[in-house]
Amino acid sequence: MLYPLSYEGETSGNVSVGAAFDAIGQTCQYMSDPIAALIDLLQPVFDEIAGPDTVSESGHPDPTVRPSDHADAQINGALSLAKLLGDNPRALAQRVVDSGVLDNVASSHVAGPGFINVTFSPQFLAGELAAVASADGVGLVPSEQPLQVVVDYSAPNVAKEMHVGHLRSTAIGDSLVRMLEACGHSVKRENHIGDWGTPFGMLIEHLLDLGEADAAEALSLGDLNGFYKEARVKFDESDEFQERSRQRVVLLQGGDGETLRLWEILVGLSAAYFNTVYETLGVLLTDDDLVGESHYQPLMPGVVDRLATAGLLEESDGADVVFPPGFENREGDPLPLIIQKGAGGFNYATSDLACVIDRTERIGADLILYVVDAGQSQHFQMVFAVARMAGWLDDEIEAVHVPFGIVLGTDRKRLKTRSGEPVRLVALLNEAVSRADAAIADKNPDLDEDTRHDVARSIGIGAVKYADLSTDRVKDYVFDFDRMLAFEGNTGPYLQYAHARICSIFRREEVERAPMRTAPIELAEPQELALAQQILGFPSAVDAALESYSPHKLCTYVYDLATTFSAFYEHCRIKGSPEPTYSSRLALADLTARVLERALGLLGIDAPEQM
RNA sequence: GCCCUCGUAGCUCAGUUGGAUAGAGCACGUCACUUCUAAUGACACGGUCGCAGGUUCGAUUCCUGCCGAGGGCGCCA
């Protein structure tokens, strides 16, 4: 586990092994997740069987506890430990069973070549559920060792339209931020917008040509691509405009007051537009998170100086560069990271190094995440390598590129409009919402119009985000309205419906949910036991998702929870059941709804109470 | 040419760091509705885990080599 989570329960401790941090190895006595509880109980037994000499040589033997098809859980660690000790695996597994450490929580027996099958006792699970039900975090509580994390994501360009590529960075980054904060970490969001560079000479001159008022109107209408393209056309066709643009870049970089004022108009109008998109998407980003490329310009000379002082800077073809080992170009020669161009300007490698310095030295980051497309992989490897050579990153401060694949159309080619341009993000979102609206109108005609529009927005946006988040981010994924908006299968609408349906149970029964949180829980039916274990696995699911910065692992968990609840709901009737079964099942329903809502919340997805 | 990522059912995807018989959804077929929301369920069908070796008690997972797809490879960001 990379992130030290603690769990609600009678006592709590941590299991923590971090890439950037030394293994702490402190195990907790009690966790809400029954699998984690097993590990705590088993570790001392495995240590004892291995003996102190083996532990000091090979480390603590891993009990290797996994969910099982043959029981609630299986312990596989006896096989590897037996191999290490040259012992008989079944006999060794039997020693674990005979130790009796699991007797209070589960029954266990040896199976096959040395697996131990474990079945949790209903009383144990009910007790764990009671602890979780009475707490606000439904199992999730803040870490005792919070980190300072910087998450760099979204990053649209000023005077350019946002497209599906920005959707991925924004949705994934937003979810990671929410999960990190839920685990108690201090998170600084940074929206590294493209607000600097040579295109701004051209854009400012175009602004002047249009007149500020007309330009402001054009940009505030959201026609950012049109503005940019007009400027580009003039730049390509007119030598005079091109020359003016070049001079304007010089003025901008020189800090000319009037030029900066015009530049700020462009940035301000774009930022306002971005905010409308973020609001539609329902993500956390605001103006406070804007840290554009311009922010790092004053820091650039310092980067060069410090690299030079460190003796890392070399001159190559007129440019100042650093050669990080292990990178080669097409000819097999060392590949440089260009710090200062031959003409004197800086480029984005320098800017990214300035970022690293700013984030580690000013913000005090322990961990920096870059949610940027997979095509930038080599670039980040080189930047991180140079930052380590310069000592700005080390074993205590980790920078991680969190890459993602591209968005494909149903033809499996990069999603584009018919004319070959990137699809505007707002157009996709609007269509998703209007399709959701039509679906709701069809399925639930009784809903009044205002409610329907609200619900349609939650469903449409949730569907798009869930489709983006629910597959392994590093792979390309197929954007398909029909699939993502379906109410069946692993989709946003299915999960939202699962939640809304539980809410409707309480409405129909005219029962308040809050009092159910202290109702005694009895677990008898297999579906009740399965649901209990699924609910208790929530913190572990969040932890697993964060460990690899993979929101899709949380998606898989939520989907499993929803289907497990469906089975429970099918087999375990609530309405008309005698007490205490009636209250117990309502308590399970309430808890399921709370975990669904919380988990969807961590994905940045609404959970409406009716739909 | 070198490097990175990916390859799992007809389609879209999981697979918890090496565990027992590789799982879902969609599509197709069957069943279940005056019943707590049938907008949710169940059953059936569907697999050479790209190919070939290797490591070991055991490999979709780790290593090597091929095949295929995408991306990257010095002054754009």
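Throughout, a chain's letter reflects where its sequence line sits, starting with A, and its residues are numbered from 1. Worth knowing before you read on, the calculation uses all heavy atoms, side chains too, and leaves out hydrogens, waters and symmetry mates. Source: prediction; values computed, not measured.
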- Query: Just checking A/Ser316: base, sugar-phosphate only, or nothing, at a heavy-atom cut-off of under 4.0 Å?
  - Reply: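 A/Ser316: base contact, heavy atoms under 4.0 Å.
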
- Report yes if some heavy atom in the side chain of A/Asn76 is under 4.5 Å from a heavy atom in the side chain of A/Ile116; otherwise report no.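 Side chain of A/Asn76 against side chain of A/Ile116, heavy atoms only: no contact under 4.5 Å found.
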
- Message: Regarding B/rA20, can its base be found pairing with the side chain of A/Gln74 as donor and acceptor, where the two atoms are less than 3.5 Å apart?
- Response: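 Counting by modelled atom types and ignoring angles, a donor-acceptor contact under 3.5 Å is found here.
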
- Donor-acceptor pair under 3.5 Å, A/Ser80 side chain vs B/rG18 base: no

Applying the Watson-Crick and G-U wobble criteria at under 3.5 Å, what pairs with [N]? Answer none if nothing qualifies.
N	value
B/rU12	B/rA24
B/rG68	B/rC6
B/rG53	B/rC63
B/rC73	B/rG1

- Centroid under 5.5 Å and tilt under 30°, A/Phe115 to B/rA20: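 According to the criterion (under 5.5 Å, under 30°), yes, A/Phe115 stacks.
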
- Query: Is any side-chain nitrogen or oxygen of A/Lys341 closer than 4.0 Å to OP1 or OP2 of B/rG74?
  - Reply: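 No, because none of the side-chain N or O atoms of A/Lys341 sits under 4.0 Å from OP1 or OP2 of B/rG74.
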
- Gap in Å between the two C1' atoms, one belonging to B/rG15 and one to B/rU61, rounded: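 Result for the C1' pair: 9 Å, nearest Å.
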
- Regarding A/Gln527 and A/Tyr569, is there a side-chain donor-to-acceptor distance under 3.5 Å anywhere?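 No - no donor-acceptor pair under 3.5 Å links their side chains.
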
- Message: For A/Tyr296 and A/His192, take the angle between the two ring planes, folded into 0 to 90°, and tell me which bin it lands in: parallel under 30, tilted 30 to 60, perpendicular over 60.
- Response: parallel

